[in-house]
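Quick note on labels: first sequence line is chain A, next is B, and so on, each numbered from 1. Quantities reported herein were computed from a predicted structural model and do not represent experimental measurements. Computed over heavy atoms, backbone and side chain alike; hydrogens, waters and symmetry mates excluded.
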Protein chains: 2
Amino acid sequence: MTLGLQDVPDLGAAPSTSQVVLRHLRAAIVSGDLAEGAPIGQDDVARRFNVSKIPVREALKQLEAEGFVTFLRNRGAVVASLSEPEIAQVFEVRAMLEAQAIKLAVPLMTPEHLARAEAAAAVFAAEPDVSQWAARNWEFHSALYAPAGRDFLMGLIRQINDRVARFLRVQLTVSGGHFHAVTEHHEILSACRQCKAELAATLTHDHIMGACRSLSIHLPRKD
Amino acid sequence: MTLGLQDVPDLGAAPSTSQVVLRHLRAAIVSGDLAEGAPIGQDDVARRFNVSKIPVREALKQLEAEGFVTFLRNRGAVVASLSEPEIAQVFEVRAMLEAQAIKLAVPLMTPEHLARAEAAAAVFAAEPDVSQWAARNWEFHSALYAPAGRDFLMGLIRQINDRVARFLRVQLTVSGGHFHAVTEHHEILSACRQCKAELAATLTHDHIMGACRSLSIHLPRKD
DNA sequence: TTTTAGAATAACGTATACGATCATATCAGC
DNA sequence: GCTGATATGATCGTATACGTTATTCTAAAA
């Protein structure tokens with residue numbers, strides 16, 4: 001007999017110290033707890049986690065590779081910042097990738113997929129906590145693309161979304177961004193229901209580029 | 001007087017030890033010197049570079065984040081391997097991104113840009129050294145996309161190309177892959193000369209997906 | 001008062017060292 | 001002779017420690 005292998009806790013999956021630190025730091029950056037440009041002291045982080053500096057440095061190096069932090073020679077790491085044109089470029093790529101993802105997903109959507117996406121849209125629309133909007137938004141979007149079964153593409157989209165999560169947050173909060181998103185989500189869902197892949201792709205593309213434009217209007221508080 | 005400040009070597013630009021190790025290891029993986037699944041001993045690498053293990057581990061962590069190596073708990077790092085469906089997905093994203101890149105680039109191409117791309121194509125076509133084909137191929141492709149001025153997109157494309165460089169190499173060497181590539185490069189260039197952005201995008205997309213199909217035929221030597 | 005030189009302090013980058021874990025080889029038992 | 005347990009060796013993961021670099025504070029001179 002198989003000993004109930006599905007219940008066995010996966011040994012060897014115990015996260016290493018550097019992975020724990022990595023997850024926490026990334027979450028703090030994505031959520032905006034650590035502001036753009038904020039210095040991340042190694043000894044400081046090490047003390048907080050009660051570990052040595054080595055796991056902290058390893059986590060920071062991974063975050064550097066992911067584009068979340070920038071190392072300044074002999075001056076430590078800071079939360080990476082994006083200039084306004086860089087943000088625009090990221091959104092452009094987002095629009096491109098997510099449009100393609102939904103185009104691939106629509107023909108493969110089952111009623112269950114649609115139901116999950118609709119539920120996610122409802123949760124996003126009804127979310128009262130502003131600080132949770134970005135996360136709920138991602139849950140909806142990922143539910144839309146999941147049916148495509150493109151793990152690599154999904155990972156890429158996820159990572160790019162994380163990169164601009166801080167700005168997504170502000171976009172959703174300014175000038176009815178959340179409201180606009182809700183209506184556009186409904187339009188996208190409608191297209192999915194009718195199996196109109198191209199339309200869904202176009203709507204998704206415009207949805208994202210619209211958010212980008214909204215950002216470029218409200219963000220440039222550059223002093 | 002300025003003491004010839006233009007000749008002063010820029011201190012502070014001196015790469016850290018971990019960066020040196022990172023570059024060498026990545027180059028070794030991309031070039032195929034380190035085979036898929038090859039273990040990368042930390043002490044071994046540290047001895048070769050005459051440094052301690054810490055910079056080596058930091059370099060490996062960055063390579064892990066970039067997808068080039070995989071850490072096995074308490075068993076060290078190995079060169080990451082891609083399954084055949086994973087390769088197909090990477091090529092799919094490549095096709096998507098590079099088609100979009102050239103579509104954005106064509107309207108902005110100057111005669112100088114075209115000349116550079118044509119020169120790169122000629123160098124690729126005339127390259128006698130098989131081991132240099134992948135590098136020459138990238139030089140041509142990047143010359144095509146550069147006019148778009150999309151740094152973020154270019155970086156993404158570059159990284160994804162590096163991920164599959166090992167397979168690109170085999171694709172170019174099997175069954176006239178290099179010859180096919182040369183003729184398709186000429187077709188793409190021709191479309192660019194005529195400012196047909198959509199056509200160039202389609203050709204680029206097919207160029208990459210064709211390589212993917214060629215790979216899926218010749219690669220599956222899975223035992 | 002402003003500016004600059006110098007020293008002290010804090011943080012970073014790396015080396016060395018040690019406990020923990022896994023692979024391999026040897027040996028006892030069936 | 002083969003299976004299983006144990007011991008040994010090697011490697012990994014992390015902590016501690018040290019030299020180096022940047023920053024800041026102070027003091028002196030313009």
Side-chain angles (χ1 to χ4, degrees), chain A residues 3 8-26 28-29 34-66 68-81, chain B residues 1-3 5 8-26 28-29 34-35 37-66 68-81:
Chain A
L3 261 182
V8 171
D10 185 3
L11 280 314
S16 70
T17 305
S18 69
Q19 276 193 14
V20 174
V21 177
L22 169 68
R23 297 223 180 91
H24 277 256
L25 286 179
R26 183 163 45 202
I29 294 173
L34 268 58
E36 186 172 305
I40 305 180
Q42 300 177 3
D43 292 326
D44 183 24
V45 176
R47 267 191 301 272
R48 285 181 206 275
F49 285 88
N50 194 29
V51 296
S52 80
K53 292 191 311 183
I54 281 84
V56 176
R57 283 184 59 83
E58 288 175 0
L60 287 174
K61 283 293 181 183
Q62 287 199 253
L63 289 172
E64 183 190 25
E66 294 174 13
F68 289 112
V69 308
T70 307
F71 269 77
L72 284 68
R73 180 176 180 74
N74 285 321
R75 280 197 288 166
V78 297
V79 178
S81 57
Chain B
M1 67 107 87
T2 56
L3 262 180
L5 283 175
V8 171
D10 184 4
L11 281 313
S16 70
T17 305
S18 69
Q19 276 194 15
V20 174
V21 177
L22 169 67
R23 297 224 180 90
H24 276 257
L25 286 179
R26 183 163 44 203
I29 294 173
L34 267 58
I40 305 180
Q42 299 176 3
D43 292 326
D44 183 24
V45 176
R47 268 191 300 273
R48 285 181 205 275
F49 285 87
N50 195 28
V51 296
S52 79
K53 292 192 312 184
I54 281 85
V56 175
R57 283 183 59 82
E58 289 175 359
L60 287 173
K61 284 292 181 183
Q62 286 200 254
L63 289 172
E64 183 189 24
E66 294 173 14
F68 289 114
V69 309
T70 307
F71 269 78
L72 285 66
R73 182 179 177 74
N74 285 322
R75 279 198 287 163
V78 298
V79 178
S81 56

Worksheet, complete the sentence: Letter by letter from the 5' end, nucleotides 6-13 of chain D scores (B base, S sugar-phosphate only, - none; protein heavy atoms under 4.0 Å) -----SBB
Sequence neighbours left out, cut at 3.5 Å: what donor-acceptor pairs do the side chains of residues 43-51 of chain A make with other protein atoms?
residue	atom	partner	partner atom	Å
A/Asp44	OD2	A/Arg48	NH2	3.3

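The side chain to side chain donor-acceptor pair (under 3.5 Å) check on B/Ser52 picks up nothing, with sequence neighbours excluded. The side-chain contact (heavy atoms from CB on, under 4.5 Å) check on B/Arg23 picks up B/Pro15, B/Gln19, with sequence neighbours excluded. Partners of A/Ala28 under the side-chain contact (heavy atoms from CB on, under 4.5 Å) rule, at least two apart in sequence or in another chain, are A/Asp33, A/Leu34. For A/Glu64, the side-chain contact (heavy atoms from CB on, under 4.5 Å) criterion is met by A/Lys61, A/Val69, A/Phe71, B/Gln62, not counting sequence neighbours.
With rounding to whole Å, A/Glu58 atom CD is found 16 Å from C/dC12 atom P. Distance, A/Ile54 CD1 to C/dA11 C1': 14 Å, rounded to whole Å.
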